[in-house]
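One structure is given below, encoded as C-alpha cells.
Source: prediction; values computed, not measured.
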Amino acid sequence: MSLVAGSLLAQALVMKTLRIAVAVSSLLSVGILPLGCEHTEDRNAVAADPAPARDTLAVDRLSNARCDREAACNNVGDGKKYASGQVCLDKMHGSIANDINTYQCPRGIDGNAVQECLTAIGNEECGAHPIEAITRMDKCRSSAMCLK
C-alpha cells in the first residue's frame, strides 16, 4: 500500500468516525437514543398549572361585567366612550389582565374577592357619584383580589 493510499484510508476512517459521533450526539441531544437510568414518567410532559386558567376566567368575567355596565349606561356605540362592545372588551380585558396576573398575584386570585368586585360593578349606578366609583375601585383593585 502506498503512502498516499494509506493516508486517504486513514482520513476516510477519521471522517466516518466523526460522522458517527455527530449522529450519536445528535440523537442523544433530541432524546431519540436515550441512555442512562430508566424513567417511568414522561419527561416531555408539562405539568398543568390551573392558576393561569382561573386568572383568565376571572379577567374574562370582570371584563364582561364592566362592559355590560358600560352598555347599560349607554357608553357603547358610535360616538360613545367605546365604539363597540368588542372595543370595550378589548380595552377592559387588557387593563384588567395587566392589573391581576401571575406577576401581580403570584398566589392566584381570590374567587370571593372577584365576586365582591362583580357585585360592586353591578351595583354601581350610571353616572355614579365619585364615592360609588371609589367603592367599586376599592373592591376591584388587584391588592383586594390577589390571594395573600
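Distance alone, capped at 3.5 Å, places no donor-acceptor pair between the K139 side chain and the M137 backbone.
Qualifying side-chain hydrogen bond (donor to acceptor under 3.5 Å, both in side chains) partners for D138, counting only residues two or more places apart in sequence or in other chains: R141. Residues forming a side chain to side chain contact (heavy atoms under 4.5 Å, CB included) with K80 (at least two apart in sequence, or on another chain): N74.
Two residues are said to be in side-chain contact when any heavy atoms from C-beta on lie closer than 4.5 Å; Q104 and M145 fail this criterion. Between T102 and D55 there is a side-chain heavy-atom pair separated by less than 4.5 Å.
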- Task: Go through the steps to decide whether K81 and C73 satisfy the test side-chain contact (heavy atoms from CB on, under 4.5 Å), and finish with yes or no.
- Result: CA-CA 10 Å; K81 186 175 181 180; C73 293; over 6 Å; no
Enumerate donor-acceptor pairs with a distance under 3.5 Å from any side-chain N or O in residues 111-121 to protein atoms, sequence neighbours excluded.
from : atom 1 : to   : atom 2 : distance (Å)
Q115 : OE1    : R61  : NH2    : 3.1
T119 : OG1    : Q115 : O      : 3.0

Could you pull out all donor-acceptor pairs under 3.5 Å where a side-chain atom in residues 86-96 meets a protein atom, sequence neighbours excluded?
from : atom 1 : to  : atom 2 : distance (Å)
Q86  : NE2    : D90 : OD1    : 2.9
H93  : NE2    : D60 : OD1    : 2.9

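To the nearest 0.5 angstrom, R107 atom CZ is 8.5 Å from L147 atom CG. Here CD1 of I109 is found 9.5 Å from OG of S142. Values are rounded to the nearest 0.5 Å.
Counting only residues at least two apart or in different chains, salt bridge (Lys or Arg N to Asp or Glu O under 4.0 Å) contacts with residues 94-106 are absent.
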